Amino acid sequence: MQKILVVDFGSQYTQLIARRLRELKIFSEVCPWDEISDLTEVSGFILSGGPESSNLEGNPDINKRILNSKKPILGICYGMQILAFQEGGKIENKGKKEFGHAQIKLENKSHLFDETSNAINVWMSHGDKVKVLPEGYEVIASSDNSPIAAFQNCSKNYYGLQFHPEVTHTKFGTKIIENFLQKCDIKQNWDATDILKQIDTEVVSKVKDQNVLLALSGGVDSTVLAAVLYKILGKRLTCVMVDHGLLRKDEAKNVIRNLKKKIGLEVNLVNAQSLFLKKLEGIADPENKRKIIGKTFIEVFEKESKNLAEINWLAQGTIYPDVIESAGNSKTKAKVIKSHHNVGGLPERMNLNLLEPFRMLFKDEVRNIGKEIGLPNEIIERHPFPGPGLGIRVIGEVNEKRLQRLRDADHIFLTELKNYDLYYSASQAYAFYMPIKSVGVVGDNRIYADVIGLRSVNTTDFMTAKATNLPHEFIEHVSTRIVNEIDGISRVVYDITSKPPATIEWE
Ligand code: XMP
């Protein structure tokens with residue numbers, strides 16, 4: 001199949017280039033700059049940015065076979081500089097570095113900027129810049145800080161951009177990439193079915209005739225992965241779902257029923273509710289609770305899998321934002337705000353190979369795959385739910401009474417959001433339990449009982465978020481239902497804090 005090869009020079013945005021290509025229905029592969037092999041089906045190259053400087057000897061460079069292939073090339077940032085350098089131009093690494101927003105002005109006419117505008121807001125992230133163009137090249141855009149912000153060589157179909165068209169902050173970024181693709185001999189017809197085929201090929205070639213184990217959390221990623229793997233592996237896939245008692249009302253039952261009904265997959269449900277509750281007894285600190293839940297999860301899962309037939313692989317629904325997050329953390333040593341609970345640590349402990357077929361996909365792409373294989377909207381479009389579940393939504397100490405009230409309150413809130421057609425316009429909504437007493441009056445009696453909080457946020461990346469502007473009458477209606485229907489609750493509050501400074505979860 002014809003493809004665009006994304007040559008990776010180590011930019012943090014390389015996968016975003018691949019994502020933009022998938023959005024444009026183009027089949028692409030990302031390949032490290034020093035592992036270039038067969039080029040027969042390559043219709044064009046996109047050279048990523050990278051942290052290196054192109055003047056230095058021994059730096060990552062463009063494989064000669066790429067330059068000899070006579071196929072179109074788009075160089076981005078470092079990709080542009082190294083292209084200019086290898087073609088005989090000069091690079092400067094003095095002067096002002098440019099990070100963040102900038103504006104470029106178009107200079108000579110170029111197909112790359114067709115249907116854009118004369119001045120474009122772009123995203124820059126570079127120290128070096130092209131100082132002298134190679135022969136046969138012309139400037140097609142400039143910025144205050146980069147007189148050569150974009151160049152072209154029309155006879156070779158080589159283009160260079162100092163800015164990042166793959167980043168959403170760059171206006172017309174996708175259009176610029178699409179304009180480049182028109183110079184490559186490739187059809188825009190790659191879709192979710194093709195992504196599924198690619199996953200199929202990868203899984204079959206890795207797993208061969210061995211067995212795979214999957215820890216099902218009930219969230220979108222692991223549920224869609226279970227369905228995809230079951231179609232490929234059938235009985236060689238074993239799904240284990242640990243019910244730690246911190247799930248939403250009827251959650252385990254619904255996920256298991258849906259997978260059985262829609263695709264015929266049987267899930268092994270492990271009931272470990274009392275064990276988790278016992279371990280959480282008397283623990284109020286959020287980080288302690290997270291650690292206990294994570295550790296107990298691993299213990300239970302490991303014990304259960306000892307009874308299974310020989311397993312060689314552990315499948316995880318890791319998606320690309322998780323990969324970026326961990327890479328970012330290891331480089332920048334970001335401060336731990338919350339230790340996220342996942343099944344990390346399991347593969348090494350259990351001596352299993354790790355299978356992560358979604359590691360290059362984004363959430364919406366996983367959702368599209370889910371749709372493609374026929375999972376219901378109820379699963380695909382559901383809001384994210386944290387691994388430690390209601391354990392971090394009961395503020396302070398967790399006990400069964402509090403969990404039960406919280407499950408009921410959360411169920412009322414989510415059901416009413418759906419009834420009022422508000423669920424899908426919020427990114428994440430949930431109820432939380434505040435064990436502080438407040439006075440109320442029910443009938444003629446005084447009550448002195450706990451508080452339920454409601455939180456609903458809108459966000460695209462979950463890194464920043466704003467409280468959903470829910471209609472007042474709606475919140476009032478939910479509040480009335482909660483106080484009337486759940487014993488032990490005297491009051492309901494709605495959290496309107498943004499992230500930052502608050503986080504989405506309370507703990
Ligand atoms: P915060 O509270 O950090 O949440 O603003 C951002 C997103 O992450 C989810 N979250 C978690 N997910 N394990 C998870 O799998 C966790 O420990 C965890 N903590 C928070 C949260 O629900 C929101 O979607």
Side-chain angles (χ1 to χ4, degrees), residues 214-226 241-248 251 255 276 279-280 283 285-298 301 315-326 328-329 334-346 356 358-359 362-364 366-367 380-395 398 406 410 413-414 417 423-434 453-468 495-507:
L214 185 144
L216 190 73
S217 70
V220 177
D221 306 330
S222 72
T223 311
V224 175
L225 183 61
M241 183 167 188
V242 175
D243 184 353
H244 46 26
L246 307 168
L247 297 172
R248 284 170 289 201
E251 177 141 44
V255 169
F276 277 84
K279 297 243 182 185
L280 286 170
I283 312 288
D285 177 73
E287 279 300 285
N288 273 350
K289 289 198 282 183
R290 280 168 186 274
K291 289 196 178 112
I292 291 170
I293 297 167
K295 191 162 165 278
T296 313
F297 180 90
I298 291 187
F301 192 79
Q316 283 186 7
T318 316
I319 60 172
Y320 191 60
D322 307 330
V323 176
I324 305 177
E325 205 169 279
S326 35
N329 282 351
K335 284 223 170 80
V336 175
I337 306 293
K338 297 176 183 184
S339 42
H340 278 209
H341 153 69
N342 53 34
V343 289
L346 260 182
E356 294 177 314
F358 293 166
R359 68 191 316 280
F362 288 80
K363 192 108 193 160
D364 56 317
V366 172
R367 289 193 158 124
I380 295 168
E381 300 294 344
R382 66 198 317 203
H383 294 172
F385 186 65
L390 303 185
I392 53 161
R393 289 183 177 173
V394 170
I395 312 306
V398 179
L406 177 56
D410 189 69
F413 185 32
L414 297 188
L417 278 169
Y423 182 83
Y424 295 112
S425 53
S427 311
Q428 188 170 11
Y430 69 92
F432 55 97
Y433 193 94
M434 293 201 270
L454 305 177
R455 180 134 171 89
S456 175
V457 294
N458 282 81
T459 170
T460 47
D461 55 10
F462 294 88
M463 309 289 284
T464 59
K466 267 189 163 316
T468 312
D495 176 4
I496 54 163
T497 329
S498 299
K499 174 183 180 175
T503 51
I504 295 176
E505 301 290 344
W506 263 54
E507 288 199 331

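We count ligands from 1, going down the list as the structure has it; atoms in each ligand are counted the same way. Values below: all heavy atoms of this structure, side chains included; hydrogens, waters and symmetry mates excluded. Predicted model, so just to flag it, every value in this text is computed and none were measured.
For ligand 1, the atoms closer than 4.0 angstrom to any heavy atom of Arg290 are 16 (C), 17 (O), 18 (C), 19 (N). Which parts of ligand 1 touch Lys499 is read off a 4.0 Å heavy-atom cut-off, strictly below it: atoms 1 (P), 3 (O), 5 (O), 6 (C). Listed by number with element, the atoms of ligand 1 under 4.0 angstrom from any heavy atom of Thr503 are 1 (P), 2 (O), 5 (O). The contact set between ligand 1 and Pro388, taken as ligand atoms under 4.0 Å from a residue heavy atom, comprises 13 (N), 16 (C), 17 (O).
Using cut-offs of 30° and 60° for the angle between ring planes, the Phe297 and Phe301 rings count as parallel. In this structure, His244 and Phe276 have perpendicular ring planes: the angle between them is above 60°, well past the 30° mark.
The shortest N or O to N or O distance between Gly387 and ligand 1 is under 3.5 Å. Polar contact with ligand 1: present for Glu505 (N/O pair, distance under 3.5 Å).
Going from atom CD1 of Ile395 over to atom NZ of Lys289 covers 6.5 Å, rounded to the nearest 0.5 Å.
Side-chain atoms of Lys499 and Thr459, non-hydrogen and from C-beta on, never get closer than 4.5 Å to each other.
No donor-acceptor distance shorter than 3.5 angstrom exists from the side chain of Tyr433 to the backbone of Val398, with no hydrogens or angles considered.
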